[in-house]
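Working notes, structure below.
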Amino acid sequence: MFLNRSVPQPHHNFGTKSLIASPNYVGLVRFLVQPFLESPETLSVDSEISHTLNRVWIRIAFESTDKGKVFGRGGRNIQAIRTVIAAAAAAVGQSVYLDIYGSTTPGREGMSFDEDTEDRSPPPPKTREPRINGPKPIVKPRIR
């Protein structure tokens with residue numbers, strides 16, 4: 001006995017392979033990144049999908065002044081964005097790569113944030129001063 005006949009029953013075609021459409025990666029990345037930006041209109045998102053390799057490459061660029069907000073403390077924000085994008089890609093059997101490119105200020109176009117760090121001087125080497133042969137601290141054993 002069927003109580004609800006108005007609900008159509010799904011038709012299963014087990015002989016044909018269904019094609020699942022890829023998620024809208026550009027829209028998803030815009031949705032995730034724009035809240036962190038002071039000027040969301042500077043966000044540029046591009047995606048390239050390889051159906052033969054089941055891989056997606058997403059490239060984003062925005063003002064370098066917003067870099068700290070997008071990355072977050074310890075990279076937490078960007079890691080969360082990568083996790084959401086990876087979950088969307090995994091749902092359709094794809095893997096995703098997210099590339100983040102640098103600022104739109106003159107003279108630095110097209111540089112990734114990883115390349116941006118090359119301009120900084122390396123930290124000075126840590127040298128340990130030799131200990132002068134003086135009195136050594138006395139270590140007392142613990143008594144229980």
Does the side chain of Phe36 come within less than 4.5 Å of Ile81's, by heavy atoms? yes

Grouping I, L, V, M, F, W and Y whenever their side-chain heavy atoms are under 4.5 Å apart, do Trp57 and Val33 come out in a common cluster? no

Does the pair Arg59/Asp46 count as a salt bridge with the N-to-O cut at 4.0 Å? yes

Could you give the distance from CG (Leu43) to CG (Asp66), rounded to the nearest 0.5 Å? 9.5 Å

Ser39 side chain near Phe62 side chain, heavy-atom distance below 4.5 Å: no

Indicate, with yes or no, if Phe31 and Val84 share a hydrophobic cluster defined by side-chain heavy-atom contacts under 4.5 Å among Ile, Leu, Val, Met, Phe, Trp and Tyr. yes

Is there side-chain contact between Tyr25 and Ile85, with at least one heavy-atom pair below 4.5 Å? yes

Pairs in or reaching into residues 29-38: which pass salt bridge (Lys or Arg N to Asp or Glu O under 4.0 Å), with residues at least two apart or in two chains? Glu38-Lys69

Is the shortest side-chain heavy-atom distance between Ile100 and Arg82 below 4.5 Å? yes

Within this structure, what is the CZ-CD distance for the pair Arg55 and Glu48, rounded to the nearest 0.5 Å? 12.0 Å

In this structure, OH of Tyr101 is separated from CD1 of Ile60 (nearest 0.5 Å) by 10.5 Å

Would you check if Ile78 and Val70 make a side-chain contact, meaning some heavy-atom pair closer than 4.5 Å? yes

